[in-house]
Amino acid sequence: MFAIDTQGNLYSYAPDNSQVLAPRELLATDYKDVRTASSADDDGDGIADDTWIWTTDGGMSSSYGYVGSGWNIYDTILSPGNLGGAPGYDVLGRDSTGVLWLYLGYGDGTVTARRKIGAGWDAYTQIAGKGDLTGDNWPDIVARDTTGALWLYQGTGNPDAPFAARTKIGSGWNAYDALVATGDMDLDGKADFIARQPNGDLYFYKGTGNAAAPYEQKRNIGYGYQTYRVMFS
């Protein structure tokens with residue numbers, strides 16, 4: 001997991017099989033203008049080798065260089081993984097009208113022209129995803145609605161219809177002000193999830209790989225995380 005504080009300092013938390021998050025390490029001090037970011041696996045080998053960065057002026061960059069502008073039309077941007085069948089990670093963006101758009105990744109830090117997935121996604125206050133929650137080798141996403149219910153959208157691998165119909169997987173998630181899909185943090189081969197309360201308490205949801213119940217019961221793994229403006233993986 002990565003985190004950016006209010007001063008623009010970027011920290012890394014390596015995965016740890018017992019503590020979930022290893023002690024943080026300072027990576028950079030010039031991330032004040034970063035809106036959000038996401039690691040990416042360009043060649044499909046299961047190891048992140050790229051980072052997409054979106055800045056407050058609407059720009060998008062990768063580890064290879066500048067990708068393009070105009071990304072501030074989206075109020076939510078994320079990269080759950082390979083949604084369309086090719087090895088490279090893909091990008092989702094939700095616009096202000098609630099339409100969700102998919103950009104397929106070329107595997108070199110750039111993306112295709114967008115394609116519309118569907119409307120009505122403004123029903124959700126947060127959308128997150130990184131990796132496979134259901135054991136079928138396709139990345140999934142979760143979305144929290146205004147009542148605090150959490151919904152699972154299982155990935156299909158089809159770029160024309162990348163998600164199956166939603167299923168409800170929990171309630172009470174409006175207790176959190178940040179939802180972070182981290183991928184596999186405890187090194188058991190299953191994608192996990194982290195959630196932060198407004199007071200800075202951090203909770204870990206261990207992944208099960210079961211679509212009907214993708215997370216085990218939460219456990220507290222730290223405090224003081226309200227210092228971060230952005231958390232991502």
Side-chain angles (χ1 to χ4, degrees), residues 1-6 9-27 31 34-39 48 75-81 92 94 123-135 139-155 166-233:
M1 187 181 80
F2 301 90
I4 304 170
D5 67 17
T6 56
N9 299 309
L10 173 67
Y11 293 92
S12 170
Y13 289 86
D16 184 281
N17 62 355
S18 59
Q19 301 298 318
V20 181
L21 297 177
R24 72 179 188 178
E25 296 184 10
L26 179 64
L27 296 183
Y31 273 60
V34 172
R35 177 186 168 194
T36 191
S38 178
S39 58
D75 60 19
T76 299
I77 306 171
L78 64 153
S79 177
L92 295 172
R94 182 185 66 181
Y124 300 118
T125 57
Q126 289 201 46
I127 304 170
K130 179 71 72 175
D132 174 25
L133 292 172
T134 60
D140 312 302
I141 64 172
V142 296
R144 183 187 67 188
D145 67 23
T146 55
T147 72
L150 196 68
W151 299 88
L152 169 68
Y153 285 85
Q154 191 166 349
R166 71 179 190 175
T167 57
K168 186 177 179 180
I169 57 172
S171 59
W173 285 77
N174 48 9
Y176 302 117
D177 67 350
L179 305 179
V180 188
T182 57
D184 180 17
M185 291 303 296
D186 60 356
L187 306 177
D188 68 349
K190 299 180 178 67
D192 307 308
F193 204 78
I194 284 176
R196 183 188 67 187
Q197 289 185 337
N199 67 355
D201 286 353
L202 206 66
Y203 289 89
F204 174 66
Y205 287 83
K206 180 180 174 65
T208 66
N210 178 1
Y215 303 122
E216 293 185 5
Q217 288 293 315
K218 69 181 181 181
R219 65 183 174 98
N220 187 287
I221 59 169
Y223 59 91
Y225 284 82
Q226 73 272 24
T227 187
Y228 296 124
R229 179 177 57 84
V230 178
M231 295 190 297
F232 66 94
S233 181

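Sequence positions, counted from 1, serve as the residue numbers for this chain.
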**Study point:** Intermediate values then yes/no, side-chain contact (heavy atoms from CB on, under 4.5 Å), Ile221 and Ile194
**Key:** CA-CA 9 Å; Ile221 59 169; Ile194 284 176; 4.2 Å; yes

So does [Y] get a backbone contact from the side chain of [X], meaning a donor-acceptor N/O pair under 3.5 Å?
X      : Y      : answer
Asp5   : Thr227 : no
Gln126 : Val180 : no
Thr208 : Ala213 : yes
Lys130 : Ser39  : yes
Arg229 : Val34  : yes
Arg94  : Tyr124 : yes
Thr134 : Ala211 : no
Arg166 : Ala143 : no

Find out whether [X] and [Y] are in side-chain contact, i.e. whether some heavy atom of one side chain is under 4.5 Å from a heavy atom of the other.
X      : Y      : value
Arg196 : Asp177 : yes
Leu92  : Ile127 : no
Leu27  : Phe2   : yes
Phe232 : Leu78  : no
Val230 : Tyr31  : no
Asp140 : Asp132 : yes

Check your understanding: Residues in side chain to side chain contact (heavy atoms under 4.5 Å, CB included) with Gln19, at least two apart?
Key -> Asp16

Exercise for review: Apply side chain to side chain contact (heavy atoms under 4.5 Å, CB included) to Ala195 and list each qualifying residue two or more places apart in sequence or on a separate chain.
Suggested key: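 Counting only residues at least two positions away or on another chain, Ala195 forms a side chain to side chain contact (heavy atoms under 4.5 Å, CB included) with Trp173, Tyr176, Leu179, Tyr205.
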
Give the minimum heavy-atom separation between [X] and [Y], together with the two atoms involved.
X      : Y      : result
Leu21  : Met1   : CD1-CE, 4.0 Å
Asp186 : Lys206 : OD2-NZ, 2.6 Å
Asp192 : Gly207 : OD1-N, 2.7 Å
Ser38  : Ser79  : OG-CB, 3.4 Å
Ala175 : Pro198 : O-CD, 3.3 Å
Ser233 : Ala181 : CB-O, 3.4 Å

Check your understanding: Mind checking what makes ring pair (Phe, Tyr, Trp, His ring centres under 6.0 Å) contact with Tyr203, not counting sequence neighbours?
Key ->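 Partners of Tyr203 by the ring pair (Phe, Tyr, Trp, His ring centres under 6.0 Å) criterion come out as none, since no residue qualifies.
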
Got a second to check how far [X]'s [atom1] is from [Y]'s [atom2], nearest 0.5 Å?
X      : Y      : atom1 : atom2 : value
Glu216 : Asn210 : CD    : CG    : 10.5 Å
Asp201 : Gln226 : CG    : CD    : 8.0 Å
Asn9   : Ile4   : CG    : CD1   : 10.0 Å
Asn220 : Phe204 : CG    : CZ    : 12.5 Å

Exercise for review: Report the C-alpha distance between Val20 and Tyr13 in whole Å, list the side-chain angles of each, state the deciding distance to 0.1 Å, and finish with yes or no for side-chain contact (heavy atoms from CB on, under 4.5 Å).
Suggested key: CA-CA 9 Å; Val20 181; Tyr13 289 86; over 6 Å; no

**Study point:** Face-on cation placement of Arg24 at Tyr11 ring, 6.0 Å and 45° thresholds
**Key:** yes

Check your understanding: Hey, mind stepping through Val142 and Ile169 against side-chain contact (heavy atoms from CB on, under 4.5 Å) and telling me if it holds?
Key -> CA-CA 9 Å; Val142 296; Ile169 57 172; 4.0 Å; yes

Exercise for review: List the steps and the verdict of side-chain contact (heavy atoms from CB on, under 4.5 Å) for Leu133 and Tyr215.
Suggested key: CA-CA 9 Å; Leu133 292 172; Tyr215 303 122; 3.4 Å; yes

